[in-house]
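Here's the structure, in structure tokens; my notes come after.
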Amino acid sequence: MRFWLLKSEPDVFGYADLARAGREPWNGVRNYQARNFLRQMTAGDLCLFYHSGTRPPGVAGVAQVVRAAYPDNLQFDPASSYADPRATPEAPRWSMVDVAPLLALPRLITLDELRTLPAWAASPLLARGSRLSVLPVDRAQVQSVLQAAGTTLPALDEPAAPAL
DNA sequence: GCCAACGTTGGC
DNA sequence: GCCAACGTTGGC
């Protein structure tokens, strides 16, 4: 299992919207680095759901990848602002995954608070001018956020897949 | 292949 | 609303 952070503007689509929807294609990512991370995701990976463009920004919940990367539908939709005329169904350029809600944090863990957590010291999220909307995190970072929020995820504390 | 111009992101 | 940082575009 790997761990990721997904940014979204809550005015557009926040964690509460995901909780309501039950499942959602994470489409519209139009940055190659972010796209390449999407392509590394597999079902079962956990994603911190980060609210950006709001005050304060921070992690609002945890989502789970429920479908690995497949072609982003919006790239083929001329009516979409995410349309990409260079993309064809035979040669798609952009990918999306499907995510589902897993846990709403009891309280937002703000960007300011992330800056105080040792596990986050080296995260690109905290780097000046960071704009990446999909980025890898690690188990310790996820755990530190859950701990700060006063909650846990049983799946996190289990050892990696037990050998049979 | 360089680089200036431009558009976008995102914290403040 | 401002502005710094960054990625992309397109002329050359």
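Note that these values count all heavy atoms, side chains included, but never hydrogens, waters or copies made by symmetry. Below, read A as the first sequence line, B as the second, and so on, with proteins coming before strands; counting in each chain starts at 1.
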Would A:Arg35 and A:Asp72 count as a salt bridge (Lys or Arg N to Asp or Glu O under 4.0 Å) if you check the C-alpha gap in whole Å, the side-chain angles of each, and the deciding distance to 0.1 Å? CA-CA 10 Å; A:Arg35 181 203 68 180; A:Asp72 181 322; over 6 Å; no
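Contacts of A:Arg86 with the nucleic acid, taken as non-hydrogen atoms under 4.0 Å apart, involve only primed sugar atoms and P, OP1 or OP2.
Other residues, nucleotides and ligands contribute more than 12 heavy atoms inside 6.0 Å of the CZ atom of A:Phe13. Other residues, nucleotides and ligands place no more than 12 heavy atoms under 6.0 Å from the CD atom of A:Gln147.
Rounding to whole angstrom units, CG of residue A:Leu135 and P of C:dG7 are separated by 13 Å. Distance, A:Asp84 CG to B:dG7 C1': 16 Å, rounded to whole Å. If you take CH2 of A:Trp94 and P of C:dT8, they are 7 Å apart, rounded to a whole angstrom. In this structure, CG of A:Leu132 is placed 17 Å from P of C:dA5, rounded to the nearest angstrom. For A:Leu114 and B:dG11, the CG to C1' distance is 14 Å, given to the nearest whole Å. If you measure from atom CG of A:Leu111 to atom P of B:dG10, you get 12 Å, rounded to the nearest angstrom. Taking atom CG on A:Asn36 and atom P on C:dG7, their separation rounds to 13 Å, with Å as the unit. When rounded to the nearest whole Å, the span between CG of A:Asp11 and C1' of B:dG10 equals 13 Å.
The residue among A:Arg55 and A:Asn31 whose nearest nucleotide of DNA chain C lies closer to the 5′ end is A:Arg55.
Closest contact between the side chain of A:Gln33 and the listed nucleotides B:dG11, C:dG7, C:dT8 involves C:dG7. The side chain of A:Arg128 has C:dA5 as its nearest neighbour among B:dG11, C:dT8, C:dA5. Proximity note for A:Ser52 (side chain, C-beta onward) versus C:dA5, B:dG10, B:dC12: the nearest is B:dG10.
A:Lys7 has no side-chain polar atom (N or O) that falls below the 4.0 Å cut-off from OP1 or OP2 of B:dT9. When the side-chain nitrogen and oxygen atoms of A:Tyr50 are compared with OP1 and OP2 of B:dG11, one or more of them lie within a distance under 4.0 Å.
Judged by the 6.0 Å and 45° rule, A:Arg39 forms no cation-pi pair with A:Phe37.
The side-chain heavy atoms of A:Leu156 and A:Leu46, taken from C-beta on, include a pair separated by under 4.5 Å.
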